[in-house]
Amino acid sequence: MNASSSGQGHVLKPVLSTLQLWGIAVGLVISGEYFGWSYGWASAGTLGFTITALFIAAMYATFIFSFTELTTSIPHAGGPFAYSKRAFGPVGGYLAGAATLIEFVFAPPAIALAIGAYLNVQFPSLDPKQAALYAYLVFMALNIVGVQIAATFELCVTLLAIFELLVFMGVVSPGFSLSNFTKGGWAGSDAFSLAAIPGMFAAIPFAIWFFLAIEGVAMAAEEAKDPKRSIPIAYITGILTLVVLAIGVMLFAGGAGDWTKLANINDPLPQAMRLIVGDNSNWLHMLVWLGLFGLVASFHGIILGYSRQIFALARENYLPAYFARVHPRFKTPHRAIIAGGVVGIAAIYSDELITIGGQTLTANIVTMSVFGAILMYILSMLSLFKLRRIEAGLARPFRAPMYPYFPAFALFGALVCMATMIYYNPLIFGIFVALLVLGYAWFMATARQRAGNAVTPAETAPGH
């Protein structure tokens with residue numbers, strides 16, 4: 001018997017509903033509506049960044065419609081790892097698994113530090129790093145206790161975060177002016193010129209932050225009650241929810257006043273609201289407190305995502321099999337949850353020790369996460385094309401609409417993003433490649449072990 005199919009120690013429990021999966025899809029991403037994106041205004045201006053954001057939104061929409069075909073055809077906790085392995089063999093599986101792991105392990109420490117900084121504003125005596133550490137401990141524990149409890153919590157905080165974004169738009173709407181949004185909207189100029197184009201490309205990572213990690217729902221596929229039906233609904237409604245919120249938040253924040261004051265800060269929404277209601281409004285205090293829910297939703301959801309990726313890779317002997325155990329009582333991958341948390345906590349406390357290109361580690365781990373995401377998007381779309389060709393008979397409960405145009409556009413968008421990211425972040429890209437090479441060395445060193453514990457697609461993809 002192999003590690004992926006023998007015994008209850010390696011089996012996840014299917015308990016998640018469609019609504020809970022939607023909550024995970026939106027919750028994974030929603031912190032991106034609160035901070036990070038406004039840095040795109042600094043290089044592209046409001047109008048230039050709008051063009052960039054719409055391009056990225058189109059890429060993500062076509063990607064999700066295409067990715068859903070893979071998720072429903074191969075509902076595996078490894079997500080992209082399983083798709084690329086099936087299409088391109090063990091090396092393809094390694095690259096997709098490593099890329100996804102980098103994406104999901106490097107994003108949480110940045111969000112945890114944002115939570116810590118947020119709490120530090122309210123409680124100045126609280127050390128932000130200590131608060132970030134406590135956030136890891138609390139939400140790792142919540143994920144270990146049970147996926148049903150974790151998903152229900154995720155749904156609740158996601159709904160609260162969406163409510164807050166709608167409140168923000170409603171409160172600033174009386175002071176909204178389109179002229180505020182468009183003034184200097186082309187990288188400081190009122191009129192478009194070719195000089196604005198480089199800034200639009202440079203702003204791509206900040207537009208990606210609007211949607212980064214939505215694909216994490218794929219890693220909950222084995223825990224969905226009816227993945228072939230519920231995952232397409234969760235993905236499609238999730239991406240539509242996020243696109244509407246992203247456009248609304250960006251438009252109302254930029255129209256509230258002088259948008260240049262919001263372009264280089266981590267809290268653009270409270271500052272935009274302050275322009276309308278002043279410093280002492282109860283609305284402002286509510287936004288500051290409820291804003292925590294958006295950060296918590298993404299942080300908590302990504303812990304769920306990274307743990308399933310570690311679990312799936314370990315179950316296939318791409319990582320030590322120690323991490324492939326499921327808690328005997330809670331049926332959650334507790335060792336994988338702890339392992340990713342240890343890496344994240346180490347990153348938090350390395351913040352001032354390691355610098356990359358003059359920036360602290362925290363300022364660069366988001367970029368590292370984006371590199372992992374983009375590589376995974378490229379490999380996933382290539383897997384879709386290849387599986388259509390070599391496994392025409394594979395059961396596909398959901399088929400990508402407008403094939404091959406949707407996946408082709410998603411692939412094109414991901415390639416544009418990758419080229420742009422490499423151009424503007426060559427040193428971080430070098431470190432990203434170094435991590436992949438080190439991982440590949442482990443992959444080659446453990447090849448014989450994997451050969452002795454080989455698993456077939458039928459064993460790694462429930463329902464096949």
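Worth saying up front: this structure is predicted, and the values here are computed from it rather than measured. Atom set for the values below is all heavy atoms of this structure, side chains included, hydrogens, waters and symmetry mates excluded.
Here Phe371 and Phe429 bring their ring centres to under 6.0 angstrom of each other. Between Phe293 and Phe163, the ring center distance fails the sub-6.0 Å criterion.
The CG atom of Leu262 sits 9.0 Å away from atom CG of Leu269, with the distance rounded to the nearest 0.5 Å. Here CG of Leu54 is found 10.0 Å from CZ of Phe49. Values are rounded to the nearest 0.5 Å. Atom CZ of Phe206 and atom OG1 of Thr367 lie 7.0 Å apart (nearest 0.5 Å). Interatomic distance, Ser380 OG to Leu375 CG, rounded to the nearest 0.5 Å: 9.0 Å. A distance of 10.5 Å separates CE in Met273 from CE in Met169, rounded to the nearest 0.5 Å. Note that the CG atom of Leu384 and the CG atom of Leu387 stand 7.5 Å from one another [nearest 0.5 Å].
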Side chain to side chain contact (heavy atoms under 4.5 Å, CB included) between Leu165 and Tyr34: does it pass, once the steps are laid out? CA-CA 8 Å; Leu165 293 176; Tyr34 284 84; 3.7 Å; yes

Verdict with reasoning, Leu119 to Leu292, per side chain to side chain contact (heavy atoms under 4.5 Å, CB included): CA-CA 8 Å; Leu119 290 172; Leu292 196 60; 3.9 Å; yes

Intermediate values then yes/no, ring-ring contact (aromatic ring centres under 6.0 Å, His included), Phe67 and Phe406: CA-CA 10 Å; Phe67 191 70; Phe406 268 25; over 10 Å; no

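No side-chain heavy atom of Ser230 sits under 4.5 Å from any side-chain heavy atom of Lys225. Counting heavy atoms from C-beta outward, Pro90 and Phe443 have side chains that approach closer than 4.5 Å. At least one side-chain heavy atom of Pro320 sits under 4.5 Å from a side-chain heavy atom of Trp442. In this structure, Leu245 and Ile162 have side chains that are in contact, with non-hydrogen atoms separated by less than 4.5 Å. In this structure the side chain of Pro397 never reaches within 4.5 angstrom of the side chain of Arg229, judged on heavy atoms. Counting heavy atoms from C-beta on, the side chains of Phe323 and Pro333 never come closer than 4.5 Å. By the 4.5 Å heavy-atom criterion applied to side chains, Trp22 and Leu155 are counted as neighbours.
For the side-chain hydrogen bond (donor to acceptor under 3.5 Å, both in side chains) condition, the pairs that include at least one residue of residues 150-161, sequence neighbours left out, are Gln20-Thr152, Glu154-His300. Every pair passing side-chain hydrogen bond (donor to acceptor under 3.5 Å, both in side chains) that includes a residue from residues 204-221 is listed here, sequence neighbours excluded: Glu215-Tyr377.
Take Glu33 and apply the salt bridge (charged side-chain N to carboxylate O under 4.0 Å, His left out) test, not counting sequence neighbours, and it matches no residue. By the salt bridge (charged side-chain N to carboxylate O under 4.0 Å, His left out) test, Arg388 pairs with Glu69, sequence neighbours left out. Every residue meeting the side-chain contact (heavy atoms from CB on, under 4.5 Å) condition with Phe201, not counting sequence neighbours, appears here in chain and number order: Ile197, Ile204, Val416, Thr420, Tyr424.
Judged purely by atom type and a 3.5 angstrom limit, Arg396 uses its side chain to pair as donor or acceptor with the backbone of Leu394. Side chain of Lys386 to main chain of Ala87: a donor-acceptor pair is present (N/O by atom type, distance under 3.5 Å, no hydrogens or angles). Using a distance-only test at 3.5 Å, with no hydrogens or angles considered, no donor-acceptor pair links the side chain of Ser73 to the main chain of Leu70. In this structure, Ser298 contributes its side chain and Leu295 its backbone to no donor-acceptor pair below 3.5 Å. Judged by distance alone, the side chain of Thr332 and the main-chain N or O of Ile144 form a donor-acceptor pair under 3.5 Å. Formation of a donor-acceptor pair under 3.5 Å by the His327 side chain with backbone atoms of His334 is not found in this model.
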Could you go through residues 91-117 and list every donor-acceptor pair under 3.5 Å that involves a side-chain atom there, pairing it with any protein atom two or more places apart or in another chain?
unit_1, atom_1, unit_2, atom_2, d
Tyr94, OH, Leu436, O, 2.4
Tyr94, OH, Tyr440, N, 2.9
Thr100, OG1, Ala96, O, 2.7

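Within 6.0 Å of atom OH in Tyr134, 12 or fewer heavy atoms from other residues, nucleotides or ligands are found, so the atom counts as exposed in its surroundings.
What you find for Leu28 and Val217 is that their closest heavy atoms are CD1-N, 3.9 Å. Taking both residues in full, the closest heavy atoms of Ala213 and Val29 are given as C-CG2, 4.1 Å, listed atom of the first, atom of the second, then distance. Pairing each heavy atom of Ile276 with each of Val171, the nearest pair is CG2-O, 3.9 Å. In plain terms, the two heavy atoms of Ile348 and Ala132 that are nearest each other are CD1-CB, 3.7 Å. Counting all heavy atoms, side chain and backbone alike, Phe168 lies closest to Val249 at CE2-O, 4.1 Å. For the pair Leu16 and Ala220, the tightest heavy-atom approach, listed with the atom from each and the gap, is CD1-CB, 3.9 Å.
Aromatic ring pairs are classed by plane angle as parallel below 30°, tilted from 30° to 60° and perpendicular above 60°; the pair Tyr60 and Phe63 is perpendicular. In this pair, Phe181 and Trp41 present their aromatic rings perpendicular. The plane angle is above 60°, beyond the 30 to 60° band. Ring geometry, Trp37 versus Phe210: the interplanar angle falls under 30°, so the pair is classed parallel (tilted spans 30 to 60°). Relative orientation of the Phe81 and Tyr318 rings is perpendicular, given thresholds of 30° and 60° on the angle between their planes.
When each of Ile231, Val26, Thr237 is tested with Leu21 by the rule side chain to side chain contact (heavy atoms under 4.5 Å, CB included), just one qualifies, namely Ile231. In summary, of the residues considered (Phe153, Tyr136, Tyr306), a ring pair (Phe, Tyr, Trp, His ring centres under 6.0 Å) with Phe299 occurs for Tyr136 alone. Of the listed residues (Arg315, Lys85, Arg308), just one forms a side-chain hydrogen bond (donor to acceptor under 3.5 Å, both in side chains) with His76, and that residue is Arg315.
A donor atom on one side chain and an acceptor atom on the other are found under 3.5 Å apart for Tyr83 and Thr71.
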